[in-house]
Structures are given as structure tokens and as C-alpha cells.
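Reading through the C-alpha cells given below for one structure.
Numbering of residues begins at 1 and proceeds along the displayed sequence. Each ligand, and each atom within it, is numbered from 1 in the order the structure gives. As a basis for the values below, the full set of heavy atoms in this structure was taken, side chains included, without hydrogen atoms, waters or symmetry mates.
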Amino acid sequence: MSYTNILSQFSNGITVITINRPSKLNALNKDTIQELHDALDEANNDNDTKVIVITGSGEKAFVAGADISEFADFNIEEGGKLAAQGQALLFDFVENLSTPVIAAVNGFALGGGLELAMACHFRVASTNAKMGLPEVSLGVIPGYGGTQRLPQLVGKGRAMEMVMTAGMIDANQALSYGLVNHVVSQEELLPLCEKIAGKIMRNSSVAISEAIRAINANYEDGINGFDVEIESFGNCFGTEDFKEGTTAFLEKRKADFPGA
Ligand code: COA
């Protein structure tokens, strides 16, 4: 598939999706959200892709937010629809992909940008990254899951302060909050993501997808995560990967997983 606002490149088991509107600091307009959905869907359905990395083009921004120019004149109904469609198409969609998704936060991750990073399975940042949810400074609130995922990741008090002040935190503060897992220089950002992806790829992709499902269940209303874990655990016993993983251990050799 060819895209206008993003790039999607596959090599060595990793699909790197780059949001490519540097002149607008990679702001998420409607078309970019649709293209991200399509590229993520394609990568998730590609058996050769074991890990997906999302990043921004240029040296300044991951994503500087939803494209403000697209919604500045919206009414109540249009505002609600914008949030609902975006959440379904991109933010909830990323979170529930069965392929691991890493956000490589290479600069500003503001508003919808931080919300996209938070919807990924985990985050790695470069030292120049700045993160925040500035929506209340525009007279609106985060609408792509930010009010839910930020407190899950950093705790309620820190999330309240970040949202109320509309301020930005730097990469080291994000690290101390647990919002990102690692901080490295900009040059080291993609290599580190590839290194982590390499570790992930050694393991059973089928088991990893069951683990994503079970961990996500902890954050879903009305769902008992322990029950989901039991079901997912049981599912693993019916897979070729489980046979290979346990047999390889008993035969004292490295597992060679057939995968999905
Ligand atoms: N939506 C639409 N356009 C955006 C944007 C957004 N969220 N963020 C940046 N841009 C555009 C700017 O309008 C500008 O376009 P122009 O050159 O055509 O005027 C271009 O990207 C560069 O941004 P600029 O503001 O000139 O860069 P800067 O270095 O001075 O400031 C930021 C960087 C990130 C601090 C600033 O762009 C900003 O505050 N952006 C909005 C952040 C935000 O509120 N996001 C939440 C949206 S809900």
C-alpha cells in the first residue's frame, strides 16, 4: 500500500511506521489517522512482522497533537464524533493489536501525540522528547484516551497535574514517572527499539499476543483480568509454539518457534 502522510518500512521482522508531516510537526489529521490504521492493520496481519515501531519524521517531533486546524470550528456533535472515530480507528486499535507496538518518541509528543504513544504497548524516548496533554489550554480535554491512559501509566495525581497545568515534562521526568521505559540520544533511539524488538522476537509470538490480551484485560471495565489470563494461559497449551518451547527446554536447545 502507498501512503501520503506516513512511511511504512519492513526489515528483519520489524515494521517501522513513521508519521511524515514534519512541516506540521507530524500533527494527526483525519487522513493520517486513517493511514496509520491501514498500515498498522497491514503490519499486524503480516506474519513476517514480529514487532511494530511507531515514530515521527524529522528531529523535532513525534507528533505535536491532533491537527487543530481540522476541528477549530466543530460543534458539540462533531467534537464527540471526532473523539469516538479516532479512538476506534487508531488509539484503541493500536492498544489491542496482537503484534507488539513500541512508540519511539523522538521529540514533542503532545495531545494526540502523547495519547498515541500511550496507546502503544510501551514507549522509548530520546533525550530531546517533551511530553504533555495541553488540551485545556485550548478549551478542550484530551479526547483520544488521554484522561484514561495517563493515570493508568503515571498515577492519578501526576495525571491530574499534567492535564490541569497543560505543561510539558521532559524525557527524564517521563522516565521517573514510568511513562517511558528508556531514554537515549536521538541517534540511539531506533537502534535501541530494534535491540528490544530482537529480544521480543526470540519468544513465541503466539504467547506474546495472548499476554497482550491478558494484560489489557486489567484495564477493561466489567472484565475480570484473572479470568482472561486463565483462558489465555489455556489457549497456549493448544499451540505448536508451546510444544516447541517446552520440548526445546527439555532437549536443552534453543526454541525455534513456528509462530502465528
Ligand atoms: N495542529 C496543527 N498544526 C500544528 C500543530 C497541531 N497540533 N502543532 C504544530 N503545528 C504546525 C504549526 O501550526 C506550524 O505550522 P505553520 O508553519 O504552517 O504555521 C508548524 O506545525 C510548526 O509549528 P510551530 O508552532 O511553528 O513550532 P514551534 O517550534 O514554535 O512550537 C510546539 C512547537 C509543539 C510547542 C507548538 O507547535 C505547539 O504548541 N503545537 C500545538 C500543541 C498542542 O496544543 N497539541 C494538542 C492539540 S489537541
Side-chain angles (χ1 to χ4, degrees), residues 3-7 17-37 54-95 103-120 123 125-154 158-174 177 179-180 183 186 189:
Y3 302 103
T4 309
N5 301 295
I6 65 168
L7 306 166
I17 297 175
T18 307
I19 300 147
N20 191 27
R21 298 181 77 211
S23 67
K24 296 290 173 194
L25 302 186
N26 304 322
L28 296 177
N29 61 3
K30 208 170 162 226
D31 291 347
T32 307
I33 288 177
Q34 182 65 54
E35 288 189 5
L36 280 168
H37 171 91
I54 302 180
T55 194
S57 77
E59 296 192 342
K60 202 167 162 184
F62 173 70
V63 170
D67 193 321
I68 299 167
S69 66
E70 272 193 349
F71 61 78
D73 61 353
F74 275 13
N75 61 27
I76 293 176
E77 197 190 342
E78 291 168 319
K81 218 166 139 190
L82 178 76
Q85 284 177 343
Q87 290 193 19
L89 212 51
L90 182 57
F91 299 82
D92 292 350
F93 186 72
V94 175
E95 184 167 57
V105 182
N106 59 311
F108 287 114
L110 302 174
L114 180 55
E115 289 172 302
L116 177 59
M118 291 193 295
C120 294
R123 291 142 292 285
S126 53
T127 45
N128 62 312
K130 291 228 167 8
M131 284 158 257
L133 293 178
E135 283 86 348
V136 298
S137 72
L138 299 165
V140 67
I141 69 164
Y144 287 149
T147 64
Q148 307 304 299
R149 292 192 182 97
L150 187 62
Q152 286 167 4
L153 286 163
V154 306
R158 286 167 173 162
M160 285 283 191
E161 185 179 341
M162 282 180 69
V163 170
M164 289 176 191
T165 60
M168 294 183 209
I169 59 170
D170 65 20
N172 282 325
Q173 198 168 357
Y177 277 12
L179 185 54
V180 302
V183 175
Q186 214 165 29
L189 183 61

Please report whether atom 12 (C) of ligand 1 has a protein non-hydrogen atom at a separation of less than 4.0 Å. no
Checking the side chain of Asn172 only, and the main-chain atoms of Val183 only, is there a donor and an acceptor separated by less than 3.5 Å? no
Protein heavy-atom partner closest to atom 24 (P) of ligand 1 - residue, atom, separation in Å: Leu25 CD1, 4.5 Å
Trace of the side chain to side chain donor-acceptor pair (under 3.5 Å) decision for Thr18 with Asn20: CA-CA 6 Å; Thr18 307; Asn20 191 27; over 6 Å; no
Distance filter under 4.0 Å to Leu110 heavy atoms, resulting ligand 1 atoms: 34 (C), 42 (C)
For ligand 1, the portion of Ala61 having any non-hydrogen atom under 4.0 Å away: neither
Of all protein heavy atoms, the one nearest atom 1 (N) of ligand 1 is Ile68 N, 3.0 Å
Closer than 4.0 Å: a protein non-hydrogen atom to atom 26 (O) of ligand 1: no
Using a 4.0 Å cutoff against the non-hydrogen atoms of Asp67, which atoms of ligand 1 qualify? 1 (N), 2 (C)
Of the options Met118, Gln148, Glu135, Met162, which is the one that meets Pro142 in a side chain to side chain contact (heavy atoms under 4.5 Å, CB included)? Glu135
Looking only at protein heavy atoms, which one is nearest to atom 16 (P) of ligand 1, and how far off is it? Lys24 NZ, 3.6 Å
Identity of the nearest option to atom 47 (C) of ligand 1, non-hydrogen atoms only, from Gly143, Ala27, Ala66: Ala66
Distance below 4.0 Å between atom 36 (C) of ligand 1 and any protein heavy atom? no
Evaluate the 4.0 Å heavy atom contact test for atom 31 (O) of ligand 1: does a protein atom fall under the cut-off? no
Would you mind listing which atoms of ligand 1 come within a distance below 4.0 Å of any non-hydrogen atom of Lys60? 27 (O), 28 (P), 29 (O)
Output yes when a protein non-hydrogen atom is found under 4.0 Å of atom 8 (N) of ligand 1, and no otherwise. yes
So which bit of Ala64 gets within less than 4.0 Å of ligand 1, heavy atoms only: side chain, backbone, both or neither? both
Of Ser137, Gly132, Gly107, Pro134, which has the heavy atom at the shortest distance from atom 46 (C) of ligand 1? Pro134
Over 12 foreign heavy atoms within 6.0 Å of CD, Glu161: no
Quick one: look up the protein heavy atom nearest atom 14 (C) of ligand 1 and list residue, atom name and how far away it is. Ser23 O, 4.3 Å
Backbone N/O of Gly146 and side chain of Glu115: donor-acceptor pair under 3.5 Å: yes
Atom 19 (O) of ligand 1 touched by protein heavy atom at under 4.0 Å: no
